[in-house]
Undergrad: 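Got a structure for you, questions after.
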Amino acid sequence: MLKKKHKNKPTANEEMNILVTGGAGFIGSHTLIELYQAGHTAVVVDNLSNSNPESLKRVAAILRDQTPSIDIEVPFYQVDIRDRQGLERVFANHHFDACIHFAGLKAVGESVAKPWEYYENNIGGTLTLVDVMRQHGCKNIIFSSSATVYGDPAQIPITEQCPKGQCTNPYGWTKSMLEQVLTDIQSADPEWNVVLLRYFNPVGAHPSGRIGENPNGIPNNLMPYITQVAIGKRPELGVFGNDYPTPDGTGVRDYIHVVDLASGHVCALQAIERHCGLAIYNLGTGQGYSVLDMVKAFVRVNGVDVPYSIKPRRPGDIATCYSDPAKAHAELGWQARYGIDEMVRDSWNWQSQNPEGY
Ligand code: NAD
Ligand code: UFG
């Protein structure tokens, strides 16, 4: 159990107790550190379907190292958000000021093969969660959405005003639909504060190298694929297309260091404090890098080889996607601090210290 609060960074926020669903996962575990550093406390609910409880032990160890005098353990419930009784038990034991809702399935390819499982887990789970929250008087939620809701974006850089587009897979539709569900719930009951955070491409890891991304099986995403090639688990990276209308022909994305993304959630609590109603923010750097930019930076910064070959385009991919993050800066005072060199350094630091993950 939580032994004591600590506060090692000044913050404008009130101290809050946050329910973090999916807190054992990649972004959730990094967010726990930022929350505690800002003086907040958290309780994690996760069914461990795509994570390992070791991540939470390491979060506690990182927090202990940062403030040795204070012993912090984040309370953890192995509960599925579709399990109403399980959630009731959690709410019976804790008062929450807000929920940061990461829990969900996120593999794009798997969602095409298993659409029912994705809709049931992500949408069914969120409906149950939100119902239990409102019955316990907690009507503040920060939701993990994605740049995928813009589809093939109508404008670059993408502002929050950019219309939502056609998603190319069921995973993306769960995000787009859940944005609508939460928007409608807020509009029917203005006591709700709903913050939709549209993430661009999270990469990197905590600079300690103790927590990071731990994909199951063959990685779908670029950065974990690069790190697995670099460590010798996979022979080469396939670069999906070099004939896009981009400077070097490969796809351009807005990669964001996971620690920056995590701090965006702490800043988003300010919107809740201000009773924002509905608020939508892009969380990106505003800078686009191509696949080959990422490979070259990885090789240069880490001094390791990443063999690659050009493959056909991946169905559903778009040429270019990067954000205009000005709104989050103007309204939340948030902006990304880490650049491409720290992203590739910390991704490699995590992978090389943990070749088999957790
Ligand atoms: P992750 O898989 O590492 O974390 C998600 C966590 O949710 C896992 O620990 C998993 O065990 C848990 N979970 C899944 N279904 C659950 C359920 N029914 N009940 C309880 N726990 C459940 O993924 P992540 O990269 O940390 O992503 C967090 C959130 O951000 C997800 O909602 C994801 O869709 C979203 N997101 C991620 C990215 C990305 O590229 N990583 C981009 C945009 C949005
Ligand atoms: N790529 C390769 N080879 C690989 C993997 C990826 O060349 O082995 C390329 C892709 O073609 C793309 C870029 O690297 O040009 C990035 O691909 P990712 O799969 O890492 O990321 P996406 O932009 O396709 O999508 C990711 C998440 C989505 C999320 C989106 C926006 O997978 O869930 O970012 O946040 F919605």
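What you see below is based on every heavy atom in this structure, not just the backbone, and it leaves out hydrogens, waters and symmetry mates. Whatever order the structure lists them in is the order used to number ligands and atoms, beginning at 1. In this chain, residues are counted from 1 in sequence order.
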Undergrad: Is it the side chain, the backbone, both or neither of N121 that has a heavy atom closer than 4.0 Å to ligand 1?
TA: side chain
Undergrad: Which ligand 1 atoms are under 4.0 Å away from a heavy-atom of Y171?
TA: 33 (C), 34 (O), 35 (C), 36 (N), 43 (C), 44 (C)
Undergrad: Considering only protein heavy atoms, which is closest to atom 7 (O) of ligand 2, and at what distance to one decimal place?
TA: F240 N, 2.9 Å
Undergrad: Numbering the atoms of ligand 2 from 1, which are under 4.0 Å from a heavy atom of N220?
TA: 5 (C), 19 (O)
Undergrad: Taking the six-membered ring of Y77 as reference, does the NZ or CZ atom of R89 fall below 6.0 Å from its centre and within a 45° cone about the axis?
TA: no
Undergrad: Under a 4.0 Å heavy-atom limit, does E213 contact ligand 1 with its side chain, its backbone, both, or neither?
TA: neither
Undergrad: How far is atom 17 (O) of ligand 2 from its nearest protein heavy atom, and which residue and atom is that?
TA: R314 NH2, 3.4 Å
Undergrad: So that I can tick it off, tell me whether K296 and D248 are bridged by a salt bridge, with the cut-off set at under 4.0 angstrom between side-chain N and carboxylate O.
TA: no
Undergrad: Hey, which atoms in ligand 1 end up nearer than 4.0 Å to a heavy atom of S49?
TA: 10 (C), 11 (O), 13 (N), 14 (C), 15 (N)
Undergrad: Could you list the atoms of ligand 1 found under 4.0 angstrom from a heavy atom of V79?
TA: 20 (C)
Undergrad: If the contact criterion is a heavy-atom separation under 4.0 Å, does Y255 count as touching ligand 2?
TA: yes
Undergrad: Using a strict cut-off of 4.0 Å, indicate which atoms of ligand 2 neighbour a heavy atom of V239.
TA: 7 (O)
Undergrad: Take every heavy atom of A147, measure it against each atom of ligand 1, and state whether any distance is under 4.0 Å.
TA: no
Undergrad: Taking both backbone and side-chain atoms of I27, is any N or O found less than 3.5 Å from an N or O belonging to ligand 1?
TA: yes
Undergrad: Does ligand 1 have an atom under 4.0 Å from some heavy atom of P202?
TA: yes
Undergrad: Which residue supplies the protein heavy atom nearest to atom 11 (O) of ligand 2, what is that atom called, and how far is it?
TA: D317 OD2, 2.5 Å
Undergrad: Find out if a path of hydrophobic residues (ILVMFWY) with successive side-chain heavy-atom gaps under 4.5 Å connects W348 to Y358.
TA: no
Undergrad: Report yes or no: does T21 have a heavy atom closer than 4.0 Å to ligand 1?
TA: no
Undergrad: Show which atoms of ligand 1 fall inside a sub-4.0 Å distance from at least one heavy-atom site of G22.
TA: 6 (C), 7 (O)
Undergrad: Under a 4.0 angstrom heavy-atom cut-off, which atoms of ligand 1 come close to S51?
TA: 8 (C), 9 (O), 11 (O)
Undergrad: Taking the ring of F200 and the ring of Y322, is the distance between their centroids below 6.0 Å?
TA: no
Undergrad: Would you say F102 and ligand 1 have an N/O pair spaced under 3.5 Å apart?
TA: yes
Undergrad: How far is atom 20 (O) of ligand 2 from its nearest protein heavy atom, and which residue and atom name does that atom have?
TA: L222 N, 2.8 Å
Undergrad: Do any N/O atoms on A24 end up under 3.5 angstrom from N/O atoms on ligand 1?
TA: no
Undergrad: Considering only non-hydrogen protein atoms, determine which one is nearest to atom 36 (F) of ligand 2 and report residue, atom name and distance to 0.1 Å.
TA: S146 OG, 2.4 Å
Undergrad: Side chain, backbone, both or neither: which applies to L48 and ligand 1 if a contact is any heavy-atom pair less than 4.0 Å apart?
TA: backbone
Undergrad: Below 4.0 Å from ligand 1: does a non-hydrogen atom of H101 turn up there or not?
TA: no
Undergrad: Under 6.0 Å between the ring centres of Y281 and H265?
TA: no
Undergrad: Considering only heavy atoms of F200, which atoms of ligand 2 have at least one such atom less than 4.0 Å away?
TA: 31 (C), 35 (O)
Undergrad: Locate the shortest heavy-atom distance separating G284 from S323; write the atom from each residue and the value.
TA: CA-OG, 3.5 Å
Undergrad: Counting from 1, what ligand 1 atoms have a heavy atom of S144 closer than 4.0 Å?
TA: 29 (C), 30 (O), 32 (O), 35 (C)
Undergrad: Backbone N or O of G251 within a donor-acceptor pair of the T246 side chain at under 3.5 Å?
TA: no
Undergrad: For ligand 1, which atoms sit closer than 4.0 Å to a heavy atom of S146?
TA: 43 (C), 44 (C)
Undergrad: Could you list the atoms of ligand 1 found under 4.0 angstrom from a heavy atom of S145?
TA: 43 (C), 44 (C)
Undergrad: At a 4.0 Å cut-off, with the gap strictly under it, does some heavy atom of Y171 reach an atom of ligand 2?
TA: yes
